[in-house]
Participant: 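First the structure, then my questions, so here it is.
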Amino acid sequence: MVSLRSTNDFVRLLQTEGELHVISDPVDPYLELAEIQRRVVAKKGPALLFTNVKGTKFPVATNLYGSEKRIHLAFGPKPVATIQRLAKLAKEIFPPRFSKLWKERSLGLLPFQVGLKQVRRAPVLSGSVLSTNELPQVVSWPRDGGAFVTLPLVYTQHPESGNGNLGMYRVQLFGDKTVGMHIQIHRGGGFHYYEAEKKGESLPAHVYIGGPPALTIAAVAPLPEEIPELVFASFLMGEKLRMKKDKTISPYPIVADADFALIGSIPPHLRKPEGPFGDHYGYYSLLHDYPYLDLTHVLHRKDAIWAATVVGRPPQEDHYIAEFLQDLLSPMFPLVMPQVLGVWAYEESGVHSLAAAVVKERYFREAFMGALRILGEGQLSLTKCLLVTNEKVNLKNFSETFKVITERSDPKTDFFIFSHISQDTLDYTSGTVNKGSKLLWMGITDANAPIKFPNLPREFTGNLKDKRFTKPKVFLPGVLVVEGSAFTPNDQLANRLLGEDLGRFHYVFLVDDSEDAVKTDSDFIWTMFTRMEPASDVYARTETIGNHIAYQVPIVFDCRMKPWIPEVLLPLPETVKQVDTKFGSMIDLI
């Protein structure tokens, strides 16, 4: 497989494979381009190359990773197979035997294929612009605070150790030579800035756009801190990542094959208002003060293509990236967390709102220890709701997994809510930023009773007397979804539902639109877990036994929209009409 070193390389490959549609008509980067992208994603259509984007000389490529086939074209089967072999070898190598080592001898070549390589000439240094105003000014949603880089690859180094981090932290284009830095404290770039700011020093930073597709995937991979993302990108490429040192431009080495490089430093103790931004949770993240990057250089290749995406209510293009990364890295989880056999984070929830895991239960409550390992591991530590079982289940299939949990869970002993802890920055369900709670929901098979509740109801035969409750829908046996009136502060509607005749249903979800919520697994996940904060929105009768809160069924989850949850992302009607008129027939043919 030929290594892909630039967005242009990838675009040419996609065109050869019939996976690219070129749009040469003039396209407005303000809302119009994003609406076209969303329409094509909804049709599971091809990658798009916009060659005539208003206000810039650079073409824009989107939906590059929006299918399993395009992910495969970018990386091939080798990375997945190699990770599986490495994981298998790590488990089987002890005690080491020559026959085992010889069987996996090709892995010994990895150190010679993976890493960084210095080069004399870097394509990214071929051109430059005077201002970020010359770059594509893509605005995805009507209330966005401005144009954003939507596939930014932000590189920083620890001020003392020099260890590098490549992360995808959104970047707002403020104009001229200043851009926003949404570097959250939960992530590597945030750690680096925290250390620099303590010393009163600026933190040098690079923002790359495009380049090897492996660079983009490495930036969002939930890697342990000990694994450098640049080296991981090299592993995905199957060759060493080419770097260029030039102290007149930056104290850091520069990724030679990036399409664009925005280079500068983040000053300490200074902030700018950043946002709002229509985010991958399907809502706006709000205006907040964040650090910013003062640029000294805005560099680009001669054949540069601006790589972009559009995020919003799942599933979008990033769905395929999330699935690929989990499939790629899943063989390593048992090595890092011995009690854990598998983990799956549901991208439909915005990734961090919901995850499920299969864990070991060789002794009493070993599964609980496995769950704590997950909640303390890297980006998995941001998980808000974690479902845990020791049954071998297909975690990708949410209905199957959730059914296993509900049939095997006794809320008196298997339902835990942890309050007053950190929460993902983009999750506003607690009404605060970075603060919230977690739900650990266990469904463990007991040797004496494999299924604790085998006869959960499949039809609703209860009686809802309060007229504010309508349209009860059964999602799964024992799982009921009820539509309620719109949330008002202190309305106590969830408590009122708790007192209704719920017909032996154990778990009841109160929503604004029950029909929409049960259409698919994706709709259920998005509705329930992006609008519910465990400490505030779970209602049940309880008793305290040995300082443990024992929950009794039914349990009601208030998953209605609350005033502090930002707006759901919706396009402007005039944008929809504009795209219908100009591009509707073209999109219909894709």
Side-chain angles (χ1 to χ4, degrees), residues 30-31 34-35 38 138-150 168-172 180-187 271-290 309-316 318-319 346-354 382-385 422-437 484-491 509-513 516-517 522-537 557-573 575-576:
Y30 179 76
L31 302 181
E35 177 66 13
R38 289 191 293 268
V138 178
V139 178
S140 301
W141 296 100
R143 295 188 183 275
D144 281 1
F148 282 82
V149 184
T150 53
M168 190 171 287
Y169 318 122
R170 73 173 188 242
V171 171
Q172 185 170 351
M181 279 280 101
H182 196 268
I183 46 176
Q184 303 164 24
I185 188 59
H186 306 111
R187 292 169 168 83
R271 305 289 189 270
K272 279 182 179 290
E274 186 264 3
F277 179 69
D279 229 314
H280 64 275
Y281 273 75
Y283 309 87
Y284 287 98
S285 56
L286 302 180
L287 181 75
H288 297 289
D289 287 342
Y290 269 91
T309 191
V310 178
V311 293
R313 176 173 174 171
Q316 298 290 335
D318 52 354
H319 169 86
Y346 294 94
E347 184 272 334
E348 299 92 333
S349 75
V351 178
H352 294 312
S353 290
L354 177 67
L382 295 176
T383 302
K384 179 171 68 176
C385 301
S422 179
Q423 192 160 286
D424 184 37
T425 300
L426 303 179
D427 188 327
Y428 287 88
T429 52
S430 70
T432 59
V433 178
N434 293 330
K435 298 176 183 178
S437 59
S485 58
F487 177 91
T488 58
N490 302 314
D491 66 6
F509 293 83
L510 179 62
V511 301
D512 297 302
D513 185 339
D516 182 68
S522 293
D523 294 310
F524 183 88
I525 292 169
W526 183 71
T527 303
M528 306 313 170
F529 295 97
T530 66
R531 300 181 183 181
M532 184 269 293
E533 200 264 327
S536 303
D537 295 324
F557 302 80
D558 190 348
C559 303
R560 295 173 294 165
M561 282 290 288
K562 320 295 192 307
W564 51 86
I565 298 176
E567 289 180 59
V568 173
L569 300 177
L570 294 171
L572 290 176
T575 303
V576 174

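Side chains are part of it too, since the values below use all heavy atoms of this structure and drop only hydrogens, waters and symmetry mates.
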Participant: Check whether Gln172 reaches the backbone of Gly145 with its side chain - one donor and one acceptor, N or O, closer than 3.5 Å.
Facilitator: yes
Participant: Please check: side-chain N/O of Asp318 versus main-chain N/O of His280, any donor-acceptor pairing under 3.5 Å?
Facilitator: no
Participant: Hey, does the side chain of Thr575 reach the backbone of Pro571 with a donor-acceptor pair shorter than 3.5 angstrom?
Facilitator: no
Participant: Has the side chain of Arg143 got a donor or acceptor atom that lies under 3.5 Å from a matching backbone atom of Leu569?
Facilitator: no
Participant: Determine whether Lys384 and Pro534 make a side-chain contact, defined as any pair of heavy atoms from C-beta on separated by less than 4.5 Å.
Facilitator: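 When only atoms from C-beta onward are counted, Pro534 and Lys384 do touch, with a gap below 4.5 Å.
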Participant: Hey, are Ser285 and Arg170 close enough side-chain-wise for a donor-acceptor pair under 3.5 Å?
Facilitator: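 Yes, side-chain donor-acceptor contact under 3.5 Å.
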Participant: Compute the centroid of each ring, for Trp526 and then for Tyr283, and state whether the two points are separated by less than 6.0 Å.
Facilitator: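 Judged by ring-centre distance (under 6.0 Å), Trp526 and Tyr283 do meet the cut-off.
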Participant: Using distance alone, with no hydrogens and no angle criterion, decide if Ser437 and Gln423 have a side-chain donor and acceptor under 3.5 Å apart.
Facilitator: no
Participant: To the nearest 0.5 Å, what is the distance between CZ (Phe487) and CG (Asp537)?
Facilitator: 7.5 Å
Participant: If we ignore hydrogens and angles and just use 3.5 Å, is the side chain of Asp144 paired with the main-chain N or O of Trp141 as donor and acceptor?
Facilitator: yes
Participant: To the nearest 0.5 angstrom, please state how far the CD1 atom of Ile565 sits from the CG atom of Leu286.
Facilitator: 11.0 Å
Participant: With distance as the sole test, does Asp279 use its side chain to make a donor-acceptor pair with the main-chain N or O of Tyr281 at under 3.5 Å?
Facilitator: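 Not at all, since once roles are kept as given, no pair shorter than 3.5 Å links the two residues.
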Participant: Output the distance between atom CG (Leu510) and atom OG (Ser485), rounded to the nearest 0.5 Å.
Facilitator: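 Separation between the atoms: 8.0 Å.
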Participant: So Phe557 and Phe509, would you call those rings parallel, tilted or perpendicular, with 30° and 60° as cut-offs?
Facilitator: parallel
Participant: Look at the side chain of Thr530 and the backbone N and O of Ser349, then say whether any donor-acceptor pair between them is shorter than 3.5 Å.
Facilitator: no
Participant: Nearest heavy-atom pair of Pro273 and Leu287: which atoms, and what distance?
Facilitator: CB-CD1, 3.8 Å
Participant: Would the Tyr290 and His182 ring centres measure less than 6.0 Å apart?
Facilitator: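 Yes: the rings meet the under 6.0 Å criterion.
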Participant: With rounding to the nearest 0.5 Å, note down the distance linking SG in Cys559 to CD in Glu533.
Facilitator: 11.5 Å
Participant: What distance separates His288 NE2 from Asn434 CG, expressed to the nearest 0.5 Å?
Facilitator: 8.5 Å
Participant: Is the distance between the ring centroids of Phe529 and Tyr346 under 6.0 Å?
Facilitator: no
Participant: Thinking salt bridges, do Asp427 and Arg531 make one under a 4.0 Å N-O criterion?
Facilitator: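 Result for this pair is no, no salt bridge flagged.
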Participant: Any donor and acceptor pair, going by atom type alone, linking the side chain of Lys562 with main-chain N or O of Gly431 inside 3.5 Å?
Facilitator: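 It does not hold such a pair.
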Participant: So, taking the atom named CG in Asp424 and the one named CG in Leu382, what distance separates them when rounded to the nearest 0.5 Å?
Facilitator: 5.5 Å
Participant: Looking at every non-hydrogen atom in both residues, tell me the closest pair between Thr429 and Trp564 and how far apart they are.
Facilitator: O-NE1, 3.1 Å
Participant: Apply side chain to side chain contact (heavy atoms under 4.5 Å, CB included) to residues Val568 and Met561 and explain how you reach the verdict.
Facilitator: CA-CA 9 Å; Val568 173; Met561 282 290 288; 4.3 Å; yes
Participant: So, do Val576 and Glu35 sit near enough that their side-chain heavy atoms are less than 4.5 Å apart?
Facilitator: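 In short, these two side chains touch, coming nearer than 4.5 Å.
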Participant: Quick check against the 3.5 Å criterion: does Thr150 have a side-chain atom that pairs as donor or acceptor with the backbone of Thr309?
Facilitator: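 Looks like yes, one N/O pair under 3.5 Å.
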Participant: Apply side chain to side chain contact (heavy atoms under 4.5 Å, CB included) to Leu354 and Thr383, showing your working.
Facilitator: CA-CA 6 Å; Leu354 177 67; Thr383 302; over 6 Å; no
Participant: Measure across Gly278 and Val311 and return the closest heavy-atom pair with its distance rounded to 0.1 Å.
Facilitator: O-CG2, 3.3 Å
Participant: If we only count heavy atoms from C-beta on, is the Phe148 to Phe277 side-chain gap below 4.5 Å?
Facilitator: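 Yes. Closest side-chain heavy atoms under 4.5 Å.
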Participant: Taking the side chain from Asp289 and the backbone from Glu274, do they hold a donor-acceptor pair closer than 3.5 Å?
Facilitator: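 No; judged by distance alone, with no hydrogens or angles, the pair does not exist.
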Participant: With heavy-atom distances below 4.5 Å as the criterion, would you say the side chains of Tyr30 and Val138 are in contact?
Facilitator: no
Participant: Step by step, would you call Arg560 with Asp491 a salt bridge (charged side-chain N to carboxylate O under 4.0 Å, His left out)?
Facilitator: CA-CA 12 Å; Arg560 295 173 294 165; Asp491 66 6; 2.9 Å; yes
Participant: Which atom pair, heavy atoms only, marks the closest approach of Ser430 to Gly436?
Facilitator: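 Result for this residue pair: CB-CA, 4.0 Å.
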Participant: Considering only heavy atoms from C-beta outward, does the side chain of Leu426 approach that of His352 to under 4.5 Å?
Facilitator: no
